[in-house]
Amino acid sequence: MKKVQINYERCIGCKHCEIACIIEHSSSKELFSCIEEQPYPKRFINVEVSDMQTYPVNCRHCDFPLCMNICPVSAIRKEKDGTVLIEPSFCIGCGMCAMACPFGVIKYTVLEAPAKTKRTVAVKCDGCRDRVKMGRLPACVEACKTGALSYESIEEYESKKRKEVVSFLGKEPQEAAPIEIVMWRDYLSRLYNLNKEE
Amino acid sequence: MKEKTIDKQAALILNKASEEGIETAWDRYERQLPQCGYGQLGLCCTLCALGPCRIDPFGEGPSRGVCGADRNTMVARNLLQMLASGAAAHSDHGREVLEVALSTAMEKAQGYKITDSEKLRRIAQEYGIQTNDKEDKEILKELSLAMMEEFGTIKGNIQFVKRAPAKRQEIWHNLDVIPRGIDREIVEAMHRVHMGVDNHYISILLHGIRTAIADGWGGSMIATEMSDILFGTPSLKESEVGLSTLREDQVNIVLHGHNPVLSEQIVVAAQDKELLDMAKEKGAKGINIVGMCCTGNEILMRQGIPIAGNMLNQELAIITGAVEAVVVDYQCIFPAILEVAKCFHTKIITTSEKAKFAGAIHCEFHPEKALETAKEIIKIAIENYPNRKRERVIIPDSSSKLMAGFSVETILSALGGSLSPIVDAIKQGKIKGAVGIVGCNNPKIKHDYGHVVLAKELIKKDVLVVVTGCSAIACAKAGLLMPDALSLAGDGLKEVLGSLGVPPVLHMGSCVDCSRILVLLSSIAKEIGVDISDLPVAGAAPEWYSQKAVSIGTYFVASGVFTVLGIAPRIFGSKKVTELLGDKLQEVIKAKFAIEPDPVKAAELIMDHINKKRSSLGI
């Protein structure tokens, strides 16, 4: 199955993926109006930072989804295409899936329920199935201009990686990235290490 | 808090902030992480509405903006826009001092006078103004008008570039970067960054050099010189530094920002008997005026007013709970202080027509009623004194002493009227060279660490250090602005400065006073008969953040001073721009930039440079 794969080397922390995800999962699907929506539309990909290096974190649509297995009301299912989905009308908001998920990518939102009651339910990445059905890329992948996110199967991803690795053989390690990026990351790591010192 | 600041008093108050749940710049920085890589690399362009555009630094995504700008154009344009804003800030500050000077000359200003008549006459002569048999006020009027004309002059060049050594002027002339007018270069910079105007990164950056010279040898230098004429040329002063300058039993007023025009009047008004009586009625023992950032430096240099801290201390001063009013003019004032002040009784008082903050009390400065406004401001603070919640007050104790006031004139008189003692000491190798450490604070680097460690490293190696702006305040807090600090200096420096009774690190003023460093370097170069770029000197901005610092760094390099930046400007996205600034500029202007966040390594780079220059001079 194809899913959103991550090439961490390419992430520069711009968070375009986060904004594209918010827009896609808003009611209006439009930037200027979605910022007014209540509840605020959720992002299902987060760019986290550690030691000044940035990492996008998203649902891996696991083959053995812990979230699904632990759900006491079977609100989570795995579709034929591999996408792991939550059925909001079943969800009781217990939080078991969030605790089980190794990536911390389950979020919660407030749903308008019948008879004007409100319910908090779990929500997560839906793999942009609506877009993919129309032959489009998931919103986060489309927004990423550095190639940190790609939409492909793990086999395709690995094959690409093997080709990349052999192309670096015999070259200096810094040639793995453009010189601009090497200089910038070197500066960032020096700054980071400096602040860590006593 | 050890990882955030080396200022122990700041660490104490940061703990208080964290216990009380008050957000500071360090928290906001954490919340901003990760900061966008396109922005950091200079590869995000928001200049026009074709965009916002970004260029993929990995070379697979977009390589040009919608207009077709490539990475070199984009990085250079962004840098020039940043520099122009900085040059504009300094120069507009200069213009405001001139406006006060002119209304003083016309006898329309309230509370102002000519304090340094000798300097007035000296500078008037530089401008070709006839001074014989003329009243000071008449000269001041002519000089103010002549300086005002520098902003939009049509004579072809600004006056003070003539202060540079002949060789330097020749380099500028050949490169065609002599500013034709202060405003003109800033306006032209904004024109050039418009879509479809200047697209060649070299041409864009050369104009950056011209704009920066218009600041350093223009707007900033005018601000310094005219402030000296009105408020007095700084002379040796002893004072105190740190949050501990706030007083438990007095009305505390913090003067924060950059321009001395109103703060000088507040200092005067704070001695007003009526106001002092009023303070006593409210239960306070007195009125305690302290400075912050460069307004603080201005009144420290001229009046010896204690200084509470630098840029990253501004929120912390309020968090002590002991501040009745923070009076601000402009530049480097965190919008956040309004929010912090809401947690306390502190009033934020804005004074500039061009720097307003929603929720602040606005007492607008006009020269015609400056003293009245100053008194009105102090009254607001006094009336607020009973609202202080004593149980929430923490004022750190044991402030550091400092020595300030090292204008070029002070340095000359300490040396007995001539630069030759210092030149001789440099020639003999007792002093290896001189370095100007300048610039801001930035939560990206441990507060004050860059400034203090660099200064200590350099004095240890017999390098004379001069400081301005937030750097000066950082060094003051670390005790480096006292003659005692010579114990940390090398033997040569100890011998020369010890005999003069001055500290190893000399406080030359606010950030516009970086122009004093240019004048000093120029005088030393002329004394030896060389260009500034031949001298064993360097500049450093270890913790810079502001657009003004981009302009300062650039006019240092343009003047021939090798300059090390602790924080990287947003240029890494273009290899060509990075190479130009860090290397090729050397061929063109005989100086270049280096980027080195670690102050110990920065000191090594600087020592290499100084030693190279020494051997070229044959000393």
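Because the structure is a prediction, the values reported are computed rather than measured. Every chain is numbered from 1 and lettered A, B, ... according to where its sequence line falls, protein lines coming before strand lines.
- No more than 12 heavy atoms of other residues, nucleotides or ligands lie within 6.0 Å of NZ in A/K161, so this atom counts as exposed by the packing criterion.
- Comparing A/K15, A/R10, A/R190 by heavy-atom pairs within less than 4.5 Å of chain B, the highest count is held by A/R10.
- Counting heavy-atom pairs closer than 4.5 Å to chain B, the top residue among A/M52, A/H16, A/E48 is A/H16.
- Within the 4.5 angstrom heavy-atom criterion, only backbone atoms of A/E9 (N, CA, C, O) approach chain B.
- Under 4.0 Å is where a charged nitrogen must lie from a carboxylate oxygen, and between B/E60 and A/K145 no such pair does.
- The 12-atom threshold is not exceeded at NZ of B/K576, counting heavy atoms of other residues, nucleotides or ligands nearer than 6.0 Å.
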Starting from the C-alpha separation in whole Å, work towards a yes-or-no answer on side-chain contact (heavy atoms from CB on, under 4.5 Å) for B/K444 and A/L191.
CA-CA 8 Å; B/K444 289 179 181 173; A/L191 188 64; 4.1 Å; yes
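- Of the options B/R570, B/R71, B/K575, a salt bridge (Lys or Arg N to Asp or Glu O under 4.0 Å) to A/E180 is made by B/R71 and by none of the others.
- Per-residue counts of heavy-atom pairs under 4.5 Å with chain A were compared for B/P599, B/P62, B/G61; the largest is that of B/P62.
- Interface check for chain A: of the options B/G450, B/P34, B/C36, B/S574, the most heavy-atom pairs under 4.5 Å are formed by B/P34.
- Residues A/Y187 and B/F572 approach most closely at CB-CE1, 3.6 Å, considering heavy atoms.
- Contact count against chain A (heavy-atom pairs under 4.5 Å) is highest for B/I567 among B/I567, B/V600, B/I595.
- Heavy atoms from other residues, nucleotides or ligands lying under 6.0 Å from OH of B/Y29 number more than 12.
- For the atom pair B/Q35 CD and A/L188 CG, the distance stands at 9.5 Å (nearest 0.5 Å).
- In this structure B/F562 satisfies the ring pair (Phe, Tyr, Trp, His ring centres under 6.0 Å) test together with B/H609, sequence neighbours excluded.
- Remark: A/M96 CE is loosely packed, at most 12 non-hydrogen atoms of other residues, nucleotides or ligands lying under 6.0 Å away.
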Going through the checks in order, is the side-chain contact (heavy atoms from CB on, under 4.5 Å) test met by A/N195 and B/E3?
CA-CA 6 Å; A/N195 288 338; B/E3 71 285 0; over 6 Å; no
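- Between A/A143 and B/R54, the shortest heavy-atom distance links the atoms O-NH2, 3.4 Å.
- Panel note: side chain B/Y38, backbone A/C14; no donor-acceptor pair is recorded below 3.5 Å.
- The two atoms that bring B/P597 and A/L194 nearest to each other are O-CD2, 3.1 Å, heavy atoms only.
- Once rounded to the nearest 0.5 Å, the distance linking OG1 of A/T146 with CG of B/L43 reads 11.5 Å.
- Of all the heavy atoms in A/W184 and B/Q40, the pair that sits closest is NE1-OE1, 3.2 Å.
- Note: B/E579 CD to A/I179 CD1 = 8.5 Å, rounded to the nearest 0.5 Å.
- Heavy-atom minimum distance, A/I181 versus B/L41: CD1-CD1, 4.1 Å.
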